[in-house]
Amino acid sequence: DAMVIQNPRYQVTQFGKPVTLSCSQTLNHNVMYWYQQKSSQAPKLLFHYYDKDFNNEADTPDNFQSRRPNTSFCFLDIRSPGLGDAAMYLCATSSGKSYEQYFGPGTRLTVT
Amino acid sequence: GEDVEQSLFLSVREGDSSVINCTYTDSSSTYLYWYKQEPGAGLQLLTYIFSNMDMKQDQRLTVLLNKKDKHLSLRIADTQTGDSAIYFCAEFTGGGNKLTFGTGTQLKVEL
């Protein structure tokens, strides 16, 4: 089945230690998104790629970066995680011709 | 501006109908969505409605859109325990290719 896959599902990192979260998709969608969702809050868009074009949200901290080496994969890099970065990170995809976004299961990040 | 609001909690009995409400402020929204999130899981797209429609029905789900009042609702008929989850409404605004989510409504279905 076509889907959005996120690895790992649970990630523990230490304060200040760089961490990378991974997202892959078999839907062949050209748009990929990263959202941050803190406990009991709505998902908040960090950035998205439209094909190779990177679009950062104005209030996304510089600590958060992203890479998209090809259509199928997108990575979220947190350069120096703080305690406030503990959250669920959701990857989503959409076709540029459609307004439906499909979400992966998320990676829950814990910062110790 | 973009601001999407929902009530935080809703409790219903199994078999009753549930109605989850949402208000939004961006009149340029083109699509409005309902997503379901179960504990520890990602978001599942339930249904969506284009802004030029006022109703959409899909099996047990009915979406009503009042564009004048910027009010969106999701009715779940014959609510089951498996419907217990958090429901997010979201609006899509063409500029920025972006979804803005509401605060989420936790639906609890009691036996």
Side-chain angles (χ1 to χ4, degrees), chain A residues 2-11 21 23-25 27 29-51 53-60 87-110, chain B residues 1-9 20 22-26 28-53 56 58 63 65 72 85-108:
Chain A
M3 55 175 40
V4 182
I5 302 159
Q6 290 189 244
N7 286 307
R9 293 292 312 277
Y10 300 91
Q11 176 75 57
L21 308 183
C23 177
S24 65
Q25 51 124 345
L27 297 160
H29 283 168
N30 57 334
V31 191
M32 293 187 77
Y33 306 81
W34 279 104
Y35 289 85
Q36 179 192 63
Q37 186 181 24
K38 295 190 176 180
S39 184
S40 302
Q41 295 185 21
K44 180 176 175 299
L45 182 64
L46 295 172
F47 25 59
H48 74 276
Y49 273 94
Y50 196 115
D51 294 319
D53 293 332
F54 178 69
N55 299 273
N56 199 28
E57 291 300 299
D59 54 356
T60 297
M88 174 80 92
Y89 289 88
L90 297 165
C91 174
T93 73
S94 72
S95 161
K97 299 177 185 176
S98 164
Y99 300 101
E100 299 175 25
Q101 287 190 21
Y102 293 91
F103 282 78
T107 295
R108 181 163 295 283
L109 178 69
T110 300
Chain B
E2 302 165 357
D3 205 8
V4 184
E5 294 187 355
Q6 302 176 235
S7 52
L8 289 180
F9 298 103
I20 303 171
C22 171
T23 57
Y24 62 98
T25 57
D26 191 341
S28 66
S29 297
T30 49
Y31 285 87
L32 294 129
Y33 303 80
W34 285 104
Y35 281 87
K36 176 183 179 183
Q37 187 176 37
E38 297 187 49
L43 277 74
Q44 175 193 354
L45 177 62
L46 289 177
T47 187
Y48 63 93
I49 188 167
F50 188 49
S51 58
N52 70 352
M53 298 169 64
K56 181 178 180 181
D58 184 0
V63 179
L65 175 61
L72 180 75
I86 299 177
Y87 290 79
F88 290 95
C89 64
E91 60 177 352
F92 179 86
T93 49
N97 204 44
K98 156 181 181 175
L99 280 182
T100 300
F101 285 87
T103 46
T105 298
Q106 178 153 7
L107 174 65
K108 182 179 177 183

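These numbers were taken from a predicted model, which means no experiment stands behind them. Atom set for the values below is all heavy atoms of this structure, side chains included, hydrogens, waters and symmetry mates excluded.
Heavy atoms closer than 4.5 Å to chain A are found nowhere in B:Gln6, neither backbone nor side chain. The part of B:Leu45 that comes within reach of chain A is its side chain, from C-beta onward, which places non-hydrogen atoms under 4.5 angstrom from that chain. For A:Gln6, no part lies under 4.5 angstrom from a heavy atom of chain B.
Taking the centre of each ring, B:Tyr35 and B:Phe101 come in below the 6.0 Å mark. Aromatic ring centroids of A:Phe54 and A:Phe47 lie under 6.0 Å apart.
A cation-pi arrangement is present between B:Lys56 and B:Tyr48, with the terminal nitrogen or guanidinium carbon under 6.0 Å from the aromatic centre and inside a 45° cone about the axis.
The shortest distance between side-chain heavy atoms of A:Lys44 and A:Asp59 falls below 4.5 Å.
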